[in-house]
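Reviewing the structure listed below.
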Amino acid sequence: MSTINSKGKKGKVMNRIHGRSRCIWNKWSVLFVCVAILLGVFLAGSASQAADMLKVGLLEEPKSLNVWRASDRWSWKVLGMIYQPLYVRDPETLDLVPWLAAEAPELDADTLSYTVKLRPAKWSDGTAFTSEDVAFTARLINEFEIPRYRYKWQFVDKIETPDPQTVRFYLKEPKAIFVPRSLTIPIAQKKQWAPIVEQAKKTEKPLSTLLNHKMEKPIGCGPFVLEEWRSGAYLYLKKNEQFFGSGKEINGRALGPHIDGLLFKVFGTSDAAVLAMKKGSIDFFWWGVQSGYMDDLRQNRDIRLFTSERSALYYMGFNVRRPPFNDPHLRRAAAMLIDEDFILNRILQGYGIKMHSLVPPGNVYWYCPDVPRHGEGLDREGRIKKAYEILQKAGYTWEVPPVDESGDVVKGEGIRLPDGKSMEKFTILTPPADYDPHRAMCGMMMQEWFRMLGIPAYSKPTAFGSLLEQVKVKHDFEAFVLGYGRLSLDPDYLRTFFLSRNDKRRGWNMSGYHNPDFDRIADKSAETMVRAERRELIWEMQKILMRDVPYIPLYNPKLVEAVRAERFKGWVEMLGGVGNIWTFCELQPK
Amino acid sequence: MALLEVEDLCIDYKTKNGYLKAVDGVSFSLERGASLGFVGESGCGKTTIGMGLMGMLPPNGVVRRGRILFEGEDLLRVSAEEMRRVRWRKIAMIFQAAMNALNPVQRVGEQVAEAMLVHNPSLGKEKALKAVEELFELVGLQTDRIRDYPHQYSGGMKQRAIIAMSLACRPSLIIADEPTTALDVIVQDQILAEIRALQKEFNIGIIFISHDISIVADMCHDIGIMYAGQLVEYGPREDVFDSPAHPYTRALLSSFPTLTGKRTDLVPIAGETPDLVHPPEGCRFYDRCQEQIPACREKVSRWVAISPGHKALCCRCEMDGR
Amino acid sequence: MELRRYILKRLVQITIIFFVILTVLFLLFRLAPGDPVSRMVDPDMTPEDAEQLIHQLGLDKPLGIQYLVYLKNFFTGHFGISFHYGEPVVDVIWNRLPNTILLFTTSIILSALVGIFLGKIASWHKGEKTDSVMTIGALVTHTLFLPWLALILIWVFGYKLGWFPINGMISEEVWLDPDAGFIAKGLDIGYHMILPLTTLFLIHFGAYLLIMRSSMLETLKEDYILTARAKGLEEKDIRDRHAAPNAALPVVTSVGLSLAFSINGGALTETVFTWPGIGRELVFSVSQNDYPLAQASFLLIAIVVLISNLVVDVLYAYLDPRIRY
């Protein structure tokens, strides 16, 4: 005898819950199995297409393709394929070579003007690239005072376009950065931007309007052109048929692009990207590979690793505005204590370069090789003794000196400043370990080294945002560890970082370093247009800085990048990695 | 043939300490249309008998021995599925109203109809609901309350609904377990009158289970007094009340107001019931008995016929020759 | 009628709570350390640029004015412009929301249904092997560390076995193919959804299973179960028609309440699987001090939680006739 059929209308409520729940569950499971099977079959069938498309893994999605707003590096990895500058760097010498320009800029010292001849080129929409576009870009920057570009152009007085292939810039004052910095900004198309600019000017906040403009289809002169941006998933760039370098030889290099397109895929985490790399779903992961993955990747025959130097600076900074680090002796003693070899070999596992100066050694032209090298060649004990000596001479006293009467190193205690006050506890702010384990570890080590000398240091990993706020905005700190991963090749940043004028809220002189001599030399370097002369000054600045040590350079991490070896050849190694414009122009399918 | 004949029924509960003898050697019989009442303190095994009859013992309950002859068939030997079909169709149950005996998320009428449809699916929902209407009228409930939920009913109404439900399949036996507990006296009287009337009308055998001796006295032809898993006195109502033989029955009667409503001294029975995992060899009431003699403790109690149909399980009674 | 009044009353309450949340959110982000401009650690940006940006973002105004602007923006349905995307926050969220809804609601519904179903089975076999396996399984999966589970799934099924994609929501092979139709694209999304969905499902179903199981065990002790059995119902019907509907009531509430807690797991899952949803955006916007985006994301979550609580209450009233408002 059967029971009441469960589909009967009785017990409406329970049928509603139960009858349906079971039925949905069944449907779901069936649906899921179907989906899995269908897709397996379906994808297996469609996997082979677009063989000459280079797939590039990105960690994050570009935030904006508006060239004036984009500030994150992911946006620039894409924009760099589209918007092109007048000059680019040679991969070997790092010297500037003409790109959209036809030849080197011509300086007329009397009128303080530079004349640039342009290469015949076309925008990706087929219209001609002319001097009007260059002038438009520069004027737009000055008119809107576009952050990040403004300071590179505000000293340009006037721009002339005698003919479509020539543009002349008149400078208000001599500026060393004009060629290396101002002439390396990406050029925007007048035709595309002029209407947007006109619109923006009519609004209450023209700059905001311009920066917030959503650029869907950027038009550039570069080797690739944006075809489709599928938000959250990928960006597809097609080969630009109009690219000015196609089939030509520029700077002795035969340019393509020889590939049909670029596909940028977003991965979010390194883990996922590395797995995708191993699986072969991407050809190149455009980001440094963490040391944890290296052994695994090195064993993989299909994967090739490139190790490059970077234009980067990781350093420890002091607040020289107040005790205890207002005393250069203490800073020099600190520099003495820091064991760069240990940091390099133990913390970075060898993937780094020692920094003696604040300019990375890879930046060969500007790097000054004979700056004071604190404690070089000394072992740990020797460093402590030397630091003790410096401080003792400067008038510091201890309850238990770190070096006892028989000359042995012991743990120092109760350090007093030359004025007799005991040194107060201070913190070394570092980024948190999940943001950068190396810097956090450096902070820990330095805390220990300081303590050997009886200096009460405390390393404190701090959320990145609040670290910057304390250091850059509030100036409320004693010491910190920070770094720049993308330092410009032009050394003007030395001036920016230590000029007295820049010691202000949000200013770049975060240490609060004041030195009239330095200011004078620095300002002079900024207006010295003869490269060799300028180098003398830059070297002098490096020497001063390494003597006064407002910053102690710690290391310059090497960049390890992974590519799939079997599909493409022609990767161009360069300072900053293989992901450079030359690679994308020269890469060929195997 | 008697409607129900129970012989030497023994039900154990498996516990951590061993088997608890919840019902031990109980025998009784019930004629069609007659009523039998079981009285005893809580934990004496009377509810277990009810559940045993329904074949609804909890998972740790086992029938050790005995026979339950219902309409000539031993219910202890039928399969679970057959037993399920006996339930409600043949033997229905009236639960206590204070209990949550009705499903709170189902309409009352549907719950009553469900009882019919389970055993007669071909009836169809329409007809079942029609039948529910008749049942509602029968037990004095308004038919427009069929679509209400249990929480919309008063205690008395719920009880009537449960009675209506028990009649749904016209069973020949109804087990009423504390049917009126927690109802006020007036409603209780109405309900009991209703049950009596329906019993007469449909010629149903009823087993009343109650701790309230006055209700049983009011309702039943025969009465069984239970103590510690055993039936200790059994007989026609008049005999048991007029001449209680077992000391426990007497103690029980004196601990209740008299049937006439005149209050005499209520004498609570001192002491505790024995451990049923290891029941004493002799009389289980020994420790609490006012009239104990050493033999009660040593000898296994035997049934003593007091008068025809009236018997007691008491060593003392045997001695006295009462 | 009563229900309508109740809903109205609740809506008023929700509005008040919402304003409190609105204000707390505002203060939370302004008072937290770190400012959005300092993050742009690019020596190319001068202090003047920074000040200019701060002005453009309206962050140089007094807090009170900022709050008023914030309220005004909220009422005009304009949540401001994301600092990083430079797009209206509404657009950014609108873009991501469907992806999150797809993943999140599917996972909640799936895990609730399966949890309820398995909890019912487990309680019915209490003390037996089926029950132990299910209960222990539920406990284990429920207490797993979500990112770990996600990575294991990725590693095993995405990489080692290669059955499913490692991350993302769509694959370019399908979407760049001009011949691929609507169905192929839909299937592609479904295919990508399997691993994240499994992750969320495994993390969540256990809780529902355990709640359902204990609720069932409570319900099975109820007298109406006895009645149902006495009526001669088959065990299956007792379980499904009498016990489960009553036992499922607390689960319904817990689904509503757990929504707020599962958002955390949703954000982590989206992050690990690069699922382009609100959760990933939330994590990003908070870490980048993108106030407008973070505020709007949190507001959205608050609204979802508030509304879902209301829905749960109403649903409860619908499922349990004893509850009347």
Side-chain angles (χ1 to χ4, degrees), chain B residues 47 50-51 53-60 80-108 110-121 147-152 158 161-162 165-166 168-169 171 174-175 177-178, chain C residues 1-3 116 120 122-132 212 215-253 312-325:
Chain B
T47 297
M51 288 301 165
L53 292 177
M54 293 292 282
M56 280 171 32
L57 290 171
N60 62 337
E81 179 56 21
E82 283 167 321
M83 191 62 217
R84 184 180 71 72
R85 281 184 233 152
V86 169
R87 269 181 229 140
W88 221 260
R89 199 161 57 89
K90 300 273 188 176
I91 309 175
M93 219 167 169
I94 297 175
F95 297 94
Q96 126 187 12
M99 299 200 315
N100 217 352
L102 292 170
N103 189 336
V105 304
Q106 266 187 31
R107 297 179 200 281
V108 177
E110 288 176 346
Q111 296 190 49
V112 176
E114 185 183 37
M116 289 179 229
L117 290 165
V118 167
H119 298 287
N120 186 10
R147 288 184 52 77
D148 282 4
Y149 286 98
H151 69 278
Q152 290 162 304
K158 277 192 220 172
I162 291 168
M165 188 152 79
S166 73
C169 299
I174 290 178
I175 298 164
D177 191 350
E178 307 276 9
Chain C
M1 280 305 124
E2 284 303 300
L3 190 63
I116 287 175
K120 196 174 77 178
S123 69
W124 204 249
H125 296 275
K126 186 182 173 242
E128 294 170 25
K129 212 169 189 175
T130 326
D131 177 38
S132 329
M212 182 63 185
S215 172
M216 263 304 261
L217 290 177
E218 274 312 304
T219 309
L220 288 176
K221 288 183 202 151
E222 293 284 353
D223 299 313
Y224 52 80
I225 298 300
L226 213 57
T227 311
R229 189 164 290 142
K231 281 202 287 197
L233 262 66
E234 284 183 54
E235 294 295 286
K236 188 170 70 70
D237 291 332
I238 297 173
R239 183 184 70 195
D240 293 350
R241 300 223 306 256
H242 286 269
N246 282 287
L249 292 174
V251 185
V252 171
T253 325
V312 163
D313 283 350
V314 173
L315 191 68
Y316 206 105
Y318 173 72
L319 293 177
D320 188 345
R322 285 168 295 182
I323 310 289
R324 282 289 168 264
Y325 301 106

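Naming: A, B, ... by sequence-line order, numbering from 1 per chain. None of the values given here were measured: they were computed from a predicted structure.
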Point to revise | Side-chain heavy atoms of B:Gln111 within contact of C:Thr227, under 4.5 Å | key: no
Review point. Who passes side-chain contact (heavy atoms from CB on, under 4.5 Å) against C:Ala228, sequence neighbours left out?
Key: C:Leu233, C:Ile238, C:His242
Review point. Do the side chains of C:Arg229 and B:Arg87 get nearer than 4.5 Å, heavy atoms only?
Key: yes
Check your understanding: For the side chain of C:Asp223 and the backbone of B:Asn100, is there at least one donor-acceptor N/O pair under 3.5 Å apart?
Key -> yes
Check your understanding: Does a side-chain heavy-atom distance below 4.5 Å link B:Met165 with C:Lys231?
Key -> yes
Practice item. Write down the atom of B:Pro104, the atom of C:Tyr224, and the distance for their closest heavy-atom approach. Key: CD-CE2, 3.3 Å
Practice item. Tell me, for B:Met83 versus chain C, whether the close heavy atoms (under 4.5 Å) come from the side chain, the backbone, both or neither. Key: neither
Review point. Can you find a pair of side-chain heavy atoms, one from C:Asn246 and one from B:Asn103, that are under 4.5 Å apart?
Key: yes
Point to revise | Distance-minimising heavy-atom pair for B:Val105 and C:Pro245 | key: CG2-CB, 4.3 Å
